[in-house]
Amino acid sequence: MTAAALTVLIGGLPNLPAHGAAAMAAPNLQLPFPCGQQWRLDTWGHAPGLDMVKEPDQQGTEGATLSAPAAGTVNKSYYHDNAGNVIQINHGGGYFTTYLHLQSRAVNVGATVQQGAVIGRVGRTGPTSNNHPHLHFELGYDANGNGEASWGFAGAERVKPTFNGVSYGSANNQTYRNVTSRNCGGSVDLGVLDFYLSDDQNATGSTRPVFSYGNSPMLPITGDWDGDGKDTVSTYDPTSSRFFISNNEVIPATFT
């Protein structure tokens, strides 16, 4: 009975980080980009580290906004001879996220950040970027208790990350396409969103600007959508990139 009970106990244990350390639960990570964006994730030869480029064709990767995937405290922000601009965030419980090759860094050591806060811009700094814009991302666990997580080499303290409840990076040479960011917390700063409407259904571009607004999800918006001289209450959902617009103030969302 003792052996059977021990077997059940061991079989029920969660996956522990590298080095067999008993750890607290990993932070609830979201993709480190603004809500609704889609990115491609590749392990190449350095799983569980991930290289990230913007979908569908990598256009917009360079200079893209880098957002904190979870709340934490910045414990590294510096320029590395090989990795370029580097940021590392302490999320508590021994877990750290590390970001390499950044175009710029928007946070300093000691800064407290909330999930979704802008921490930098994606770039291609450092010779190991191969001059190719991308974000190299690693989740690490401080197994030796020295107050940081090693990164960037085989045997480092990096562990498999989970974004929005889905795990990535379990093996080399894996590709994950069109991974959508759900970094959409109600207090997340997405910057200023410029929305436009067109009076011509056949138009290939916007014919009139409507408003600028920044925060999510489900942004309350108003505008004279039908040109009758009256503003109508509507909403925008950045998690699905859809507008809910109505000509009836009592029914705020009748079509998208």
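The first residue in the sequence is number 1, and the count goes up from there. Just so it is clear, the structure is predicted and the values come from calculations on it, not from any experiment.
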With side-chain contact (heavy atoms from CB on, under 4.5 Å) as the test, would you mind laying out the steps for Y79 and V86 before giving the verdict? CA-CA 6 Å; Y79 190 89; V86 174; over 6 Å; no

Given N82 and T128, is the side chain to side chain donor-acceptor pair (under 3.5 Å) satisfied, shown in steps? CA-CA 6 Å; N82 289 322; T128 54; 5.9 Å; no

Could you walk me through whether Q88 and T98 pass side chain to side chain donor-acceptor pair (under 3.5 Å), step by step? CA-CA 4 Å; Q88 186 174 89; T98 306; 2.7 Å; yes

Residue pair R121, S104: steps toward the side chain to side chain donor-acceptor pair (under 3.5 Å) verdict: CA-CA 5 Å; R121 299 281 175 179; S104 62; 5.3 Å; no

Decide side chain to side chain donor-acceptor pair (under 3.5 Å) for N164 and R182; before the verdict, give the C-alpha distance in whole Å, the side-chain angles of both, and the deciding distance to 0.1 Å. CA-CA 7 Å; N164 200 41; R182 300 304 180 192; over 6 Å; no

Would you sort out whether T97 and H91 count as a side-chain contact (heavy atoms from CB on, under 4.5 Å), showing the intermediate values? CA-CA 8 Å; T97 52; H91 298 286; 2.7 Å; yes

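Hydrophobic cluster membership differs between I119 and W151, with clusters built from Ile, Leu, Val, Met, Phe, Trp and Tyr side chains linked at under 4.5 angstrom. When hydrophobic clusters are built by joining Ile, Leu, Val, Met, Phe, Trp and Tyr residues whose side-chain heavy atoms come closer than 4.5 Å, directly or via intermediates, V107 is grouped together with L29. Residues V109 and I87 are members of separate hydrophobic clusters, defined by side-chain heavy-atom contacts under 4.5 angstrom among Ile, Leu, Val, Met, Phe, Trp and Tyr. At a threshold of 4.5 Å between side-chain heavy atoms, the hydrophobic network of Ile, Leu, Val, Met, Phe, Trp and Tyr places V179 and V122 in one connected group. By the rule that hydrophobic residues join a cluster once side-chain heavy atoms approach within less than 4.5 Å of another member, F33 and F137 end up as members of one cluster.
Checking H132, H134, R40 one by one against Q58, the side chain to side chain donor-acceptor pair (under 3.5 Å) holds for a single residue, H132. With F96 as the fixed residue, the side-chain contact (heavy atoms from CB on, under 4.5 Å) test singles out one of D142, L139, I89: D142.
Looking at N172 and T43, their side chains never bring a donor and an acceptor atom within 3.5 Å of each other.
Considering only heavy atoms from C-beta on, V74 comes within 4.5 Å of V113 through its side chain. Using a 4.5 Å cut-off on side-chain heavy atoms (C-beta onward), P32 and Y99 make contact. Considering only heavy atoms from C-beta on, W39 comes within 4.5 Å of T61 through its side chain.
Between K160 atom NZ and T162 atom OG1 the span is 7.0 Å, to the nearest 0.5 Å. Remark: L135 CG to Q103 CD distance equals 12.5 Å, nearest 0.5 Å. Interatomic distance, CD of E55 versus CE of M52, reported as 12.0 Å (0.5 Å rounding). Between the CG atom of N85 and the CG atom of L66 there is a distance of 11.0 Å, given to the nearest 0.5 Å. The distance from atom CG of L102 to atom NE2 of H136, rounded to the nearest 0.5 Å, is 11.5 Å. Distance CH2/W44 to CD/Q174: 12.0 Å, rounded to 0.5 Å.
Across all their heavy atoms, Q114 and A68 have their closest contact at O-CB, 3.5 Å. Across all their heavy atoms, P69 and Q30 have their closest contact at CB-O, 2.9 Å. Between S170 and Y176, the closest heavy-atom pair is N-OH, 4.0 Å. The heavy-atom pair separating A70 from N28 by the smallest distance is CB-O, 4.0 Å. When all heavy atoms are compared, the tightest approach of L50 to P161 is CD1-CG, 3.7 Å. Closest approach of A47 and G169 over heavy atoms only: CB-O, 3.6 Å.
A 6.0 Å sphere centred on CG of D81 holds no more than 12 heavy atoms belonging to other residues, nucleotides or ligands.
S129 places no side-chain N or O within donor-acceptor distance of the main-chain N or O of H101, the cut-off being under 3.5 Å. Side-chain N or O atoms of N178 include none that pairs as donor or acceptor with a backbone N or O of Q38 at under 3.5 Å. Using a distance-only test at 3.5 Å, with no hydrogens or angles considered, a donor-acceptor pair links the side chain of E157 to the main chain of N144.
Y95 and Y141 have tilted rings, their planes meeting at an angle from 30° to 60° on a 0 to 90° scale. Between F163 and Y168, the ring planes are tilted. Angles from 30° to 60° get that label.
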